Amino acid sequence: MSIIKRQTILSTFYSYIGVFFGLITQGYLIPKFFTTQQNGLMAILLGWMYIICQIGSLGFNHAGTKYFPFFRDDKTKHKGYLNLGLKFNIVGLLICIILLYLFKDLIVETNLNNKVQASDSALFRKYFFVLIPISLGTILFNLFDNYAKGLYDSVAGSFFFFFLQRFFLFIVCLGYAFQYFDFNTFMYFCDSIETLPK
């Protein structure tokens, strides 16, 4: 079996298993065991995380994929591509962290209009800086995933993103659903696996 065929089959397999766990998590566990405010908090954090990841990568993750063939050279470890990518992403994320710190109040007030209860605002304020670890994890994952794809290994990214991340999230949601821990601990676990329900 050719490498491309094997990678395609494995990637598809991981995707389908991930869809199964994602369906149970999103279709049953979250609507049944999480409050509307908690679900809304996760949606707001995810939305801001995507914005931060786009800005924080400084365009390197997308441009790097296109220009990776110019870097490809096993002898020189691909001419420092990964090092360069890490520098771009860390600098971009530091800029985003400074902007988040400076404009926290403005961001919170923009997302929460007058119709939202004070408890909702307090919840978003409390977990606002969860944006930093989930953004860091996502930016670095995208960098390493693009690097692996440039080296013709698409299975690793599929395994981590489509299967492992969703499986861990399923386990954490189950733990919260059966009251093994509270929402605060749930958010801590989500930080640890660098994800929120999608």
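These numbers come from a predicted model, not from an experiment.
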Next item on the list: May I ask you to test the Asn89-Leu58 pair for a side-chain heavy-atom distance under 4.5 Å?
Entry: no
Next item on the list: Answer whether the closest heavy-atom distance between the side chains of Leu143 and Phe88 falls below 4.5 Å.
Entry: no
Check: Using 30° and 60° as the class limits, which term best fits the ring planes of Phe186 and Tyr176: parallel, tilted or perpendicular?
Finding: tilted
Next item on the list: Give me the ring orientation class for Tyr81 and Tyr147: parallel if the planes are under 30° apart, tilted from 30 to 60°, perpendicular past 60°.
Entry: parallel
Next item on the list: Could you label the plane-to-plane angle of the Phe170 and Phe21 rings as parallel, tilted or perpendicular, counting under 30° as parallel and over 60° as perpendicular?
Entry: tilted
Next item on the list: Look at the aromatic rings of Phe167 and Phe163 and report parallel, tilted or perpendicular, splitting at 30° and 60°.
Entry: parallel
Checklist line | Heavy-atom check, side chain of Leu136 versus side chain of Ile97, under 4.5 Å | finding: no
Notebook entry, point to check: Do Leu82 and Phe144 have side chains that get closer than 4.5 Å, going by heavy atoms?
Noted result: yes
Notebook entry, point to check: Taking atom types as modelled, is there a side-chain donor on Asp182 or Thr185 under 3.5 Å from an acceptor on the other?
Noted result: yes
Next item on the list: Indicate yes or no: at least one non-hydrogen side-chain atom of Leu41 is less than 4.5 angstrom from one of Lys126.
Entry: no
Checklist line | Heavy-atom donor-acceptor pair, Asn39 side chain to Thr35 backbone, under 3.5 Å | finding: no
Notebook entry, point to check: Looking at side-chain heavy atoms only, is the closest gap between Leu99 and Lys104 below 4.5 Å?
Noted result: no
Item checked: Quiz item: cation-pi between Arg166 and Tyr14, 6.0 Å / 45° -> no
